[in-house]
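Here the structure is a predicted model, which is why all the values come from computation and not from measurement. In what follows, every chain begins at residue 1, and chains take the letters A, B, ... in the order their sequences are listed.
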Amino acid sequence: MALTEQEQIRRDHLDALRAAGVEPFPADAWPTTHAAADVLDAFDDARHQPGEDGEPATEPFRATIAGRMMTKRVMGKAAFFHLADESGQIQIYVRRDDLPEGFYNTVFKKLLDPGDWLGIEGEVFRTKMGEVSVRAENLVLLAKSLRPLPVEKEAVDPETGETRRFNEVSDPEFRYRQRYADLALHPEVRDVFRTRHRVVRTIQGFLDEQGYVEVETPVLQPLYGGAAARPFTTHHNALDMPLFLRIADELYLKRLLVGGFEGVYEIAKDFRNEGLSRFHNPEFTMLELYVAFRDYDWMMGLVERMLEAVAVAATGSADVARTIDGQTHTLRFAAPFRRVPIFDAIAQATGHHLYRDGAVAGRDEIAGVARQLGLEVDDSMGAGKLIDEIFGEAVEPTLIQPTFVTDYPVELSPLAKRHRTKPGLVERFELIAGGKELCNAFSELNDPLDQRARLEEQARLAAGGDDEATREIDEDFLRALEYGMPPAAGLGVGIDRLTMMMTNQSSIRDVLLFPLLRPETISADDIPDGTIRVVELASGGWRVLARVNGGNKSETFRESEVEAVEFAEWLLEQGGYDRLTMSS
RNA sequence: GCCCCUAUAGCUCAGUUGGUUAGAGCAGCGGACUCUUAAUCCGCGUGUCCCAGGUUCGAGUCCUGGUGGGGGCACCA
């Protein structure tokens, strides 16, 4: 691999450390007494601060800490740097004469670099400039950093009192591809994932308290179902059979209701083979919950209480700040949330009552309203689809405060029970907040004959070329339903989008530690010396990469893999190379 | 799949109408400095200007095609 000058210098430092008898990757543990933030919290000037003239503190405050060296300010025989651990940063004061003979000049000044993990032991004090710091009496290298972390600097603006950051890494690609560096540099990014952890834990704690059981159902499924989406497919060798990564876990959780569990939930990774966007990642986390003997009305009450608990856990209060189109709103996740039937919401927004006298308006009337709103209408769109479009255009973006939208047209909701009093509608709600859907819930369909009819309709769609419809009927699921599934309320919550809401992030990539990106392109710099490699290009074609004695060769073949391989083999025969590898 | 924006040093960015040897700050290297904090001061420029073609006497700059990334649309019960 080609090393940058700075990478080479750090490797030189590594060798020099070993030569000086300092192990760069020691095995010894370094048990700490404090986190950086604990030291800052606990410091008390009256008891811990030494006197001006070398007078010892009335109660010296000794601490052993560990972290990453972030900055280094050397002033001859003394130096300062900041040490960052998970809790925050604390300044370290180093003096030549506090350390063993020669260590400061030959090791600390020359061979330790920003990014190195250090252990510090010493007394806590406040500097003349007023910053609580640790005076290092023992300084130990815990792990050497061989790759320079980008350096960002901070300063407090004297007028506003706000901390400004300079040279901040702004390239999103760098941040997502090298999340480890992003996290090391940006405590606030770590905070997002701590909040995500609290969101999940709060939900689990809340549901556990109700007596519900968290379960694990198969990720690898012989048939996929429970949603409409294209699946990822894979293959099991020993059984020689295709398998699908789940697109939902609904059908397995319902089997558990049949089996006698009265409240089950799963926080699951689902996988959908679809596009990427600010709101979509091919693998994402979904909460699904099913509770026997309850209905969607009851479920709204549970969601209100659960999300209030989540908001408090995530932000400290039920009021959550949310930036939408550059405007900051305060979303109140305090029960009860507003409830509005979808047709009432549409009527308020458009003036058109499309559900009258116990029936949904005619398709032509609905299409007319859609056209008035500037929506494109084509003949394939049914009444249900048009209602959905009108809602999405005219209502959804206006629902900033958490709002339950209820009683959808039956065509939109094949898995929900028909409404007990309103013909043509189903018992379903979505929770909308900040103009986006957060939850989807039904009174669940438990009639096995009706369910069979609907799955058969799906299979017909699949045969007709709809690649999001499930091709095969899940006979085992129907067999389970035939034994009898209790009436139940079901809920789905997108955990990623909920976390976006609670942390005020605008992209799903900012709440996923490792969002999916296209693979990095390999260049000749990235392969070991003395090797030749043939790589297939995402853009089509093949490239032969060769590297010997630091010299690179790169040759692209658009048309033929055979030509590329023949060229690589010819190159190998010319000598100087000892290896030819193929990579996909 | 379509549209817009974008890619220059490890990081953040300049780079004029196409002009000869591509710049700055930070980081790094050498030196000074025992309370600094975007430390300071002196000296040093480290590069596949995303890739491949093309136009031109001459391309970081213009054109065509491609790739990565961001945003929007479409898709997503």
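Side-chain N/O atoms of R73(A) include one lying less than 4.0 angstrom from OP1 or OP2 on rA39(B). Contact between the side-chain N/O atoms of R165(A) and the OP1/OP2 oxygens of rC11(B) is not found at any separation under 4.0 Å. An OP1 or OP2 oxygen of rC75(B) is reached within less than 4.0 angstrom by no side-chain nitrogen or oxygen of K385(A). Contact annotation: K72(A) does not reach the phosphate of rA27(B) (side-chain N/O to OP1 or OP2, under 4.0 Å). Considering only side-chain N and O atoms, R177(A) lies under 4.0 angstrom from the phosphate OP1 or OP2 of rG69(B).
Comparing rC76(B), rA77(B), rA38(B) against the side chain of H280(A) picks out rC76(B) as the nearest. Of the candidates rA39(B), rU12(B), rC76(B), rU12(B) carries the atom nearest the V169(A) side chain, counting heavy atoms from C-beta on. With distances taken from any side-chain atom of D97(A) to the nucleotides rA77(B), rU36(B), rU34(B), the minimum falls on rU34(B). Among the nucleotides rC11(B), rA77(B), rA27(B), the one closest to any side-chain atom of R272(A) is rA77(B). Closest contact between the side chain of P114(A) and the listed nucleotides rU37(B), rC11(B), rG28(B) involves rG28(B). Distance from the side chain of Y93(A) is smallest for rC35(B) among the nucleotides rC11(B), rC35(B), rA38(B). Closest to the A227(A) side chain, of the nucleotides rU34(B), rG10(B), rA77(B), is rA77(B). Of the candidate nucleotides rC33(B), rU36(B), rU34(B), rU34(B) has the atom lying nearest to any side-chain atom of R95(A). Out of rU37(B), rG70(B), rC76(B), the shortest distance to the side chain of H82(A) is found at rU37(B). Closest to the side chain of E274(A), out of rA38(B), rU37(B), rC76(B), is rC76(B).
Salt bridge R175(A)/D510(A): present, at least one basic N to carboxylate O contact under 4.0 Å. Using a cutoff of 4.0 Å between basic side-chain nitrogens and carboxylate oxygens, R454(A) and D450(A) are scored as salt-bridged. For R68(A) and D116(A), the salt-bridge test fails: no basic side-chain N is under 4.0 Å from an acidic carboxylate O. The pair E188(A)-R165(A) counts as a salt bridge, with a side-chain nitrogen and a carboxylate oxygen less than 4.0 angstrom apart. Salt-bridge formation is detected for the pair K254(A)/E444(A): a Lys NZ or Arg NE/NH1/NH2 atom is positioned less than 4.0 Å from an Asp or Glu carboxylate oxygen.
Computed from coordinates, the I247(A) CD1 to rA77(B) P distance equals 9 Å when rounded to whole Å. The interatomic distance linking I9(A) (CD1) with rA9(B) (C1') rounds to 14 Å, in whole Å. To the nearest angstrom, P of rC11(B) lies 11 Å from CD of E173(A). Going from atom CG of N281(A) over to atom P of rG69(B) covers 13 Å, rounded to whole Å. Atom NZ in K128(A) sits about 10 Å away from atom C1' in rU34(B), given to the nearest Å. For the pair Q89(A) CD and rA38(B) C1', the computed distance is 13 Å after rounding to whole Å. The separation between M75(A) atom CE and rA38(B) atom C1' is 15 Å, rounded to whole Å. A straight line from CD of E7(A) to C1' of rC29(B) spans 16 Å, rounded to a whole angstrom.
Across all strands, E152(A) comes closer than 4.0 Å to no nucleic acid atom at all (heavy-atom distances). Within the nucleic acid shown, R278(A) comes within 4.0 Å of sugar-phosphate atoms alone, with no base atom in reach, counting heavy atoms only. When heavy atoms are screened at a 4.0 angstrom cut-off, L517(A) is found touching the sugar-phosphate backbone but no base atom. As judged by a 4.0 angstrom heavy-atom cut-off over every strand, Y104(A) is placed among residues making no nucleic acid contact. R428(A) comes within contact range of the sugar-phosphate backbone alone, with a heavy-atom separation under 4.0 Å but no base atom that close. In this structure, R509(A) reaches the sugar-phosphate backbone alone: every heavy-atom distance under 4.0 Å involves primed, P, OP1 or OP2 atoms, never a base. Residue-level contact check: Q6(A) touches the bases, meaning some heavy atom is under 4.0 Å from a base atom. K77(A) comes within 4.0 angstrom of a base, heavy atoms only.
A residue-by-residue look at T127(A) and D388(A) shows that T127(A) has its nearest nucleotide of RNA chain B further toward the 5' end. Mapped onto RNA chain B by nearest heavy atom, R96(A) and V156(A) fall at different nucleotides, with R96(A) at the one closer to the 5' end.
Donor-acceptor pairing under 3.5 Å, judged by distance alone, is absent between the side chain of S170(A) and the base of rU12(B). Counting atom types as modelled, E131(A) pairs a side-chain N or O with a base atom of rU37(B) as donor and acceptor under 3.5 Å.
Using Watson-Crick or G-U wobble geometry with both donor-acceptor distances under 3.5 Å, rC11(B) finds its partner in rG25(B). When both distances must be under 3.5 Å, the Watson-Crick or G-U wobble mate of rC50(B) is rG66(B). Both distances falling under 3.5 Å, in either a Watson-Crick or a G-U wobble arrangement, occur for no nucleotide opposite rG60(B). Nucleotide rA38(B) has no partner under the Watson-Crick or G-U criteria, as no pair reaches both atom distances under 3.5 Å. Pairing for rG1(B) is with rC73(B), a Watson-Crick or G-U wobble pair whose two hydrogen-bonding atom distances lie under 3.5 Å.
The shortest non-hydrogen separation linking A36(A) to Q89(A) is CB-C, 4.0 Å.
With no hydrogens or angles considered, a side-chain donor-acceptor pair links E131(A) and H82(A) at under 3.5 Å.
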### Query
Taking it one step at a time, do R428(A) and D407(A) satisfy salt bridge (Lys or Arg N to Asp or Glu O under 4.0 Å)?
CA-CA 5 Å; R428(A) 170 183 174 189; D407(A) 302 342; over 6 Å; no
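Rounded to the nearest Å, the gap between the C1' atom of rG54(B) and that of rC2(B) is 27 Å. For rC62(B) and rU17(B), the C1' atoms lie 12 Å apart once the distance is rounded to whole Å. Of the P atoms belonging to rG72(B) and rU48(B), the separation is 34 Å, rounded to the nearest Å. Across the C1' atoms, rA39(B) and rA22(B) are found 31 Å apart, a figure rounded to whole Å. Using atom P as the reference point in both rG15(B) and rC76(B), the two lie 43 Å apart (nearest Å). Nucleotides rC75(B) and rA52(B) have their P atoms positioned 38 Å apart, rounded to a whole Å. One C1' atom belongs to rG70(B), the other to rG53(B), and the distance between them is 27 Å to the nearest Å. Spacing of P atoms, rG19(B) relative to rA59(B), comes out at 11 Å, to the nearest Å.
Side-chain rings of Y296(A) and F442(A) stay apart, their centers remaining 6.0 Å or farther from each other.
Between F404(A) and F429(A), the two ring planes are perpendicular [angle over 60°; tilted spans 30° to 60°].
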